[in-house]
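For reference, the structure discussed in these notes is given below.
Reckoned from all heavy atoms, side chains included, excluding hydrogens, waters and symmetry mates.
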Amino acid sequence: MAAAMAASRRLRDLLMWRLTAPTHLGLNLSLRPMSSSAQDEASREAPSEAPHHNYQSLRVTAAQRHILHVQLNRPEKRNAMNKAFWSEMVECFNKIAQDADCRAVVISGAGKMFTSGLDLVEMAGDLLQPQGDDAARISWSLRGLITRYQETFSVIEKCPKPVIAAIHGGCVGGGVDLITACDIRYCAQDAFFQVKEVDVGLAADVGTLQRLPRVIGNQSLVNELAFTARKMMADEALGSGLVSRVFPDKEAMLDAAFALAAEISSKSPVAVQGTKVNLLYSRDHSVAEGLNYMAAWNMSMLQTQDIVKSVQAAMEKKELNSVTFSKL
């Protein structure tokens, strides 16, 4: 017991030394929390269009401080995924990945539903009449098309910022590919989910068959959904683990999604983004490989001043949203 108390005192003394010592590169560690009135004023501001995000199929707004809202924005077409969508999602999330101000993202659908999936009318030409002079060249062209479409959703997974999917109404076909690439999923009570591809004569090829089994951990249920294209309603989605919470309507769901994004964005971005990277790495590797990668990751990340600031806030009984973390 005495040894443990001595170790505790040494840890406290070390932290206090780091809190009071000059920081690297001559930076001052003084914290400048946003006043409560400034926070209230910021939260009351109407969402503004995010700079450098101008798209045909998407609308991106700065919903709150450090939070971007990406809306599928073809409500008149039930947010069907047209040609523009497949390239604009990649452009959008590549920009978000490099946005030092952004710490969390919410994805939702404008209008009456999240998405009806692939826009078959607009995309039929690419799928049914691929370019090429013979079977080999046609196949090569189709392979390139499919891999480009796969990147449309993989880019969400690769983005280091946590991405919250907020689903209402239908989430059909490509919508399931999209949400399974997100980190957290909320839905409204009217939501339903449908792996629709077998009904149009193809196997889902841009992420659902690879990610859905890992998300819900029930291969029998995944097989049933993928073989039959039946609808999974909100309560079943919650019970299976596809979503983590269900809300009575779209408004309540979005309020909760933005509250969650605000909570995430109050934490150290070094800690949060490092957590996402390592969770994904560990998902696809053995425990030993994941631990080795984590050790290599944190041998540099543990040197961040965010630890000092976070510990100082805890010792002073302050909320983390009063701490100013540097951009990342």
Side-chain angles (χ1 to χ4, degrees), residues 72 78-81 89 107-109 113-118 120 127 142-143 146-147 149-158 162-248 250 253 256-257 260 275-291:
L72 310 186
R78 299 186 302 167
N79 296 322
M81 299 170 176
M89 281 288 285
I107 296 183
S108 71
M113 67 187 304
F114 186 73
T115 178
S116 58
L118 186 69
L120 291 170
L127 297 175
L142 276 172
R143 187 180 188 278
I146 293 165
T147 54
Y149 287 178
Q150 289 173 343
E151 183 63 15
T152 298
F153 303 127
S154 293
V155 73
I156 299 172
E157 195 171 73
K158 293 174 185 177
V163 182
I164 303 162
I167 307 118
H168 76 289
C171 178
V172 179
V176 180
D177 295 293
L178 190 162
I179 66 167
T180 51
C182 296
D183 302 295
I184 298 168
R185 288 163 293 278
Y186 282 179
C187 78
Q189 189 65 55
D190 69 348
F192 66 87
F193 306 84
Q194 198 170 13
V195 184
K196 185 71 172 172
E197 282 80 358
V198 293
D199 277 353
V200 292
L202 59 103
D205 56 4
V206 290
T208 289
L209 302 186
Q210 292 69 42
R211 295 188 177 100
L212 187 58
R214 297 172 183 270
V215 168
I216 68 177
N218 184 332
Q219 190 66 52
S220 176
L221 178 56
V222 170
N223 292 349
E224 177 189 337
L225 295 170
F227 295 159
T228 66
R230 76 164 176 85
K231 293 180 180 179
M232 173 188 272
M233 309 309 289
D235 290 340
E236 186 182 3
L238 178 64
S240 71
L242 178 59
V243 301
S244 50
R245 295 184 68 184
V246 177
F247 298 88
K250 180 182 180 181
M253 173 194 63
L260 176 64
T275 296
K276 175 170 178 175
V277 168
N278 279 275
L279 281 170
L280 288 169
Y281 185 91
S282 294
R283 181 196 67 184
D284 298 330
H285 295 78
S286 69
V287 172
E289 289 170 324
L291 288 170

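- Considering only heavy atoms from C-beta on, Leu178 comes within 4.5 Å of Leu72 through its side chain.
- In terms of heavy atoms, Gly109 sits closest to His168 at O-CE1, 3.0 Å.
- Evaluation of the side chain to side chain donor-acceptor pair (under 3.5 Å) rule for Ser154 yields Arg211 as partners, not counting sequence neighbours.
- Scanning both residues, Tyr281 and Glu289, for their nearest heavy atoms gives CE2-O, 3.6 Å.
- Under the salt bridge (Lys or Arg N to Asp or Glu O under 4.0 Å) rule, Asp183 has a single partner from Lys276, Arg283, Lys158, which is Lys276.
- Glu236 has its side chain within reach of Leu221: a pair of non-hydrogen atoms, C-beta onward, lies under 4.5 Å apart.
- The closest side-chain heavy-atom distance from Val206 to Thr152 is not below 4.5 Å.
- One distance of note links CD1 of Ile216 with CG of Leu212; it measures 4.5 Å at 0.5 Å rounding.
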With side chain to side chain contact (heavy atoms under 4.5 Å, CB included) as the test, would you mind laying out the steps for Thr115 and Arg78 before giving the verdict? CA-CA 6 Å; Thr115 178; Arg78 299 186 302 167; over 6 Å; no

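- The closest side-chain heavy-atom distance from Gln210 to Thr180 is not below 4.5 Å.
- Shown are Leu260, Val163, Val243; of these, the side chain to side chain contact (heavy atoms under 4.5 Å, CB included) with Ile184 is made only by Leu260.
- Between the side chain of Ser108 and the backbone N or O of Ala166 there is no donor-acceptor pair closer than 3.5 Å.
- Side-chain contact between Tyr149 and Asp205 is absent, with no heavy-atom pair separated by less than 4.5 Å.
- Atom NE2 in His285 sits 13.0 Å away from atom CG in Leu291 (nearest 0.5 Å).
- Side-chain contact between Ile167 and Ile179: present, with at least one pair of heavy atoms (C-beta onward) separated by less than 4.5 Å.
- More than 12 non-hydrogen atoms from other residues, nucleotides or ligands lie less than 6.0 angstrom from CZ of Arg230.
- Contact detail for Phe114 and Gly175: the closest heavy-atom pair is CE2-O, 4.3 Å.
- For the pair Gln150/Asp177, no side-chain contact is recorded, criterion being any heavy-atom separation below 4.5 Å from C-beta on.
- No side-chain heavy atom of Cys182 sits under 4.5 Å from any side-chain heavy atom of Ile164.
- The shortest heavy-atom contact between Met232 and Ser240 is CE-OG, 3.7 Å.
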Show which side-chain atoms of residues 186-195 pair as donor or acceptor with protein atoms under 3.5 Å away, not counting sequence neighbours.
{"from": "Gln189", "atom 1": "NE2", "to": "Asp235", "atom 2": "OD1", "distance (Å)": "3.2"}
{"from": "Asp190", "atom 1": "OD1", "to": "Gly169", "atom 2": "N", "distance (Å)": "3.1"}
{"from": "Gln194", "atom 1": "NE2", "to": "Ala229", "atom 2": "O", "distance (Å)": "2.8"}

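- Distance check: Lys196 NZ to Lys231 NZ gives 8.0 Å after rounding to the nearest 0.5 Å.
- For the atom pair CG (Leu242) and CG (Asn218), the distance works out to 12.0 Å, reported to the nearest 0.5 Å.
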